[in-house]
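Heads up, the thing below is written out as structure tokens.
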Amino acid sequence: MNVLVTGGAGFIGANFVRRTLATRADARVTVLDALTYAGNAASLPEDERLTLVKGDIADMDTVSDLVGAADVVVHFAAESHNDNSLHDPWPFVHTNVIGTYTILEACRRHGTRLHHISTDEVYGDLELDDPAKFTPDTPYNPSSPYSSTKASSDLLVRAWARSFGLEATISNCSNNYGPYQHVEKFIPRQITNIIDGVRPKLYGAGLNVRDWIHVDDHNDAVWAIIDGGRIGATYLIGADGEVDNKTVVETILTEMGLDANAYDHVADRPGHDMRYAIDASLTHDELGWQPAYTDFASGLRATIAWYRDNEAWWRPQKQETELKYEQLGR
Ligand code: NAD
Ligand code: DAU
């Protein structure tokens, strides 16, 4: 099976590539990645079944032949960080909207199966005391330039499936954690700050809730959808991992042997979504997928150990990332 993975040098994509090569002997993987600030060839394993192509998913000349040679395209490539989208939205429109449009047109041209990776943020946010969770029927209501461009990309995929009969599926997943995540993101930022002797930074009061899932659980669900998902369907992926940000920071500090209160509150993110929560029952019932990491604290412990053991991987990104945050006052 020839698998084309867009964005395979990013956090979730690289974990997907590693897991695919380790668990599927029949798979050959081609990664198409622009190697932006978020992409890192060092996240990928050395393997004769893996080819890395550096290129932009919005460039049809690059995309078309690669899509034509694939049995399935797993489309992870995106600009993925909300804070960056508030500062400069254009790369989000370019990659998430025009890039996805280009992938869709190439899949249509070659009749290639597509799985599109998306986010729970397309549904907007929930109140803290709302008993509801997101389901595949929740109306789209994105808040940020990031989530609105991801919502746009989902709508394009749905239209191509319905209007052109494209063989596509979509998944919307909650917040991932695990190895190889860029240090701009919440959990790796705090772990690497602590390693550097800097106090963690909590936006606002820290009451916002995210629904954490280990990246391997996300990627196993993606394979379950590719293997057995209904063409045209949307699947929600989550592991019932709702935790507020304050608790996450306190847990990291405790796990790293420090006082749980040794963090600072900083300016809040404008338009900050309050709570995300996924109802993944359709994915469980239809595909039989279940998360393996059900204890967030132990998944977090393993992630902390990974960042301690792999400083050479994250160190080159750290200073530039913190400079960006300093300019944003966060
Ligand atoms: P990431 O930022 O770590 O990686 C994105 C990758 O895409 C990078 O390797 C980057 O170089 C590449 N890329 C960016 N623009 C490109 C372009 N124009 N052409 C080719 N490659 C390009 O992101 P991530 O956290 O791994 O997220 C991957 C996907 O999963 C995204 O679509 C994101 O919306 C979705 N998602 C992420 C999460 C999460 O918690 N991180 C949760 C749900 C869904
Ligand atoms: O829900 C899925 C989404 O999760 C994905 O679609 C996005 O690609 C991914 O980046 C993530 O978005 P968030 O905005 O939720 O993730 P982030 O890691 O940026 O922040 C998580 C929470 O932590 C959020 O409420 C903001 C807060 N935060 C973040 C940083 C970087 C802090 O309190 N301090 C920080 O330093």
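Computation of the quantities below employed the complete heavy-atom set of this structure, encompassing side-chain atoms and omitting hydrogens, waters and symmetry-equivalent molecules. Numbers for residues simply follow the sequence, beginning at 1. Atoms within each ligand, like the ligands themselves, are counted from 1 in listed order.
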Q) Is the closest side-chain donor-acceptor distance between Tyr263 and Gln190 under 3.5 Å? A) no
**Q.** Phe134: hydrophobic cluster co-members (side-chain, 4.5 Å)
**A.** Val122, Tyr123, Leu126, Tyr140, Leu155, Leu236, Tyr276, Ile278
(Q) Would you say Ser43 and Arg18 are linked by a side-chain donor-acceptor pair, where the criterion is simply a distance under 3.5 Å? (A) no
Q.
Side chain or backbone, does Asn82 bring an N or O within less than 3.5 Å of an N or O on ligand 2?
A. yes
Give every pair made of an N or O atom of ligand 1 and a protein N or O atom lying under 3.5 Å apart, one pair per line with both atom names and the distance to 0.1 Å, or write 'none'.
unit_1   : atom_1 : unit_2 : atom_2 : d
ligand 1 : 2 (O)  : Ser80  : OG     : 2.7
ligand 1 : 3 (O)  : Phe11  : N      : 3.0
ligand 1 : 9 (O)  : Gly10  : N      : 2.9
ligand 1 : 9 (O)  : Asp33  : OD1    : 3.2
ligand 1 : 9 (O)  : Asp33  : OD2    : 2.6
ligand 1 : 11 (O) : Asp33  : OD1    : 2.6
ligand 1 : 11 (O) : Thr36  : N      : 3.1
ligand 1 : 11 (O) : Thr36  : OG1    : 3.1
ligand 1 : 15 (N) : Thr95  : OG1    : 3.4
ligand 1 : 18 (N) : Asp56  : OD1    : 2.9
ligand 1 : 18 (N) : Thr95  : OG1    : 3.0
ligand 1 : 19 (N) : Ile57  : N      : 3.0
ligand 1 : 21 (N) : Ala34  : N      : 3.0
ligand 1 : 23 (O) : Ser80  : OG     : 3.2
ligand 1 : 26 (O) : Phe11  : N      : 3.3
ligand 1 : 26 (O) : Ile12  : N      : 2.8
ligand 1 : 32 (O) : Phe76  : O      : 2.9
ligand 1 : 32 (O) : Lys150 : NZ     : 2.7
ligand 1 : 34 (O) : Tyr146 : OH     : 2.7
ligand 1 : 34 (O) : Lys150 : NZ     : 3.2
ligand 1 : 40 (O) : Asn176 : N      : 2.9

Q) When rounded to the nearest 0.5 angstrom, what distance separates NZ in Lys133 from CD in Glu242? A) 5.0 Å
**Q.** Protein heavy-atom partner closest to atom 15 (O) of ligand 2 - residue, atom, separation in Å
**A.** Arg210 NE, 2.8 Å
Q: Would you check the N or O atoms of Asp83, main chain and side chain alike, for any that come under 3.5 Å of an N or O of ligand 2?
A: no
**Q.** Distance flag, aromatic centroids of Phe11 and Phe76, threshold under 6.0 Å
**A.** no
Q: Do me a favour and list the nearest non-hydrogen protein atom to atom 33 (O) of ligand 2 with residue, atom name and distance?
A: Tyr203 N, 2.8 Å
**Q.** Any N/O pair Leu202/ligand 2 closer than 3.5 Å
**A.** no
Q.
Run the ring pair (Phe, Tyr, Trp, His ring centres under 6.0 Å) test against His218 and tell me which residues pass, sequence neighbours left out.
A. none
Q) Starting from atom 1 (O) of ligand 2, which protein heavy atom do you reach first, and at what distance in Å? A) Asp120 OD1, 2.5 Å
Q. Can the ring centres of Trp314 and Tyr180 be said to be less than 6.0 Å apart?
A. no
Q: List every atom of ligand 2 that sits less than 4.0 Å from any heavy atom of Glu184, numbering the atoms from 1 in the order shown and giving each element.
A: 31 (C)
Q.
With nothing but distance in play, are any N or O atoms of Trp212 less than 3.5 Å from an N or O of ligand 2?
A. no
Q. Atom 36 (O) of ligand 2: which protein heavy atom is closest, and how many Å away?
A. Arg189 NH1, 2.8 Å
Q: Please write down residue, atom name and distance for the protein heavy atom closest to atom 16 (O) of ligand 2.
A: Asn175 ND2, 3.5 Å
Q: Report the nearest protein non-hydrogen atom to atom 25 (O) of ligand 2: residue, atom name, distance rounded to 0.1 Å.
A: His272 NE2, 2.7 Å
Q) Taking the inter-plane angle between the rings of Tyr177 and Trp212 on a 0 to 90° scale, is it parallel (under 30°), tilted (30 to 60°) or perpendicular (over 60°)? A) perpendicular
Q | Atoms of ligand 2 close to His81 [distance to a heavy atom under 4.0 angstrom, numbered from 1] | A | 19 (O)
Q.
If the contact criterion is a heavy-atom separation under 4.0 Å, does Lys150 count as touching ligand 2?
A. no
**Q.** Flag, side chain of Ser298 to backbone of Asp295, donor-acceptor distance under 3.5 Å
**A.** yes
Q) Counting heavy atoms only, which part of Glu121 comes closer than 4.0 Å to ligand 2: side chain, backbone, both or neither? A) side chain
Q) Under 4.0 Å from any heavy atom of Thr119, which atoms of ligand 2 are there? A) 1 (O), 2 (C), 3 (C), 5 (C), 6 (O)
(Q) On a heavy-atom basis, I'd like to know which of Asp268, Asn245, Asn176 is closest to atom 22 (C) of ligand 2. (A) Asn245
Q. What residue and atom, counting heavy atoms only, is the protein's closest point to atom 8 (O) of ligand 2, and at what distance?
A. Ser80 O, 2.8 Å
Q: For Gln190, take its heavy atoms, then give the atoms of ligand 2 lying under 4.0 Å from any of them.
A: 34 (N), 35 (C), 36 (O)
**Q.** The one among Arg269, His265, Arg330, Lys201 that brings a heavy atom closest to atom 14 (O) of ligand 2
**A.** Arg269
Q) In terms of side-chain heavy atoms, does Asp220 have a donor or acceptor partner in Gln290 at a distance below 3.5 Å? A) no
Q: Would you kindly say whether His272 and Asp125 are connected by a side-chain donor-acceptor distance under 3.5 Å?
A: no
Q) Can a donor-acceptor pair be found between the side chains of Ser147 and Ser144 at a distance below 3.5 Å? A) yes
(Q) Which residues end up grouped with Tyr146 if you chain together Ile, Leu, Val, Met, Phe, Trp and Tyr wherever their side-chain heavy atoms are less than 4.5 Å apart? (A) Phe92
Q: Please check if any side-chain donor atom of Asp279 sits under 3.5 Å from a side-chain acceptor atom of Thr135, or the reverse.
A: no
(Q) Please compare Tyr276, Phe186, Tyr146, Tyr325 and report which has the shortest non-hydrogen distance to atom 6 (O) of ligand 2. (A) Tyr146
Q) Strictly by modelled atom types, are His116 and Asp154 linked by a side-chain donor-acceptor pair under 3.5 Å? A) yes
Q: Would you please indicate yes or no on a ring centroid separation below 6.0 angstrom for Trp313 and Trp306?
A: yes
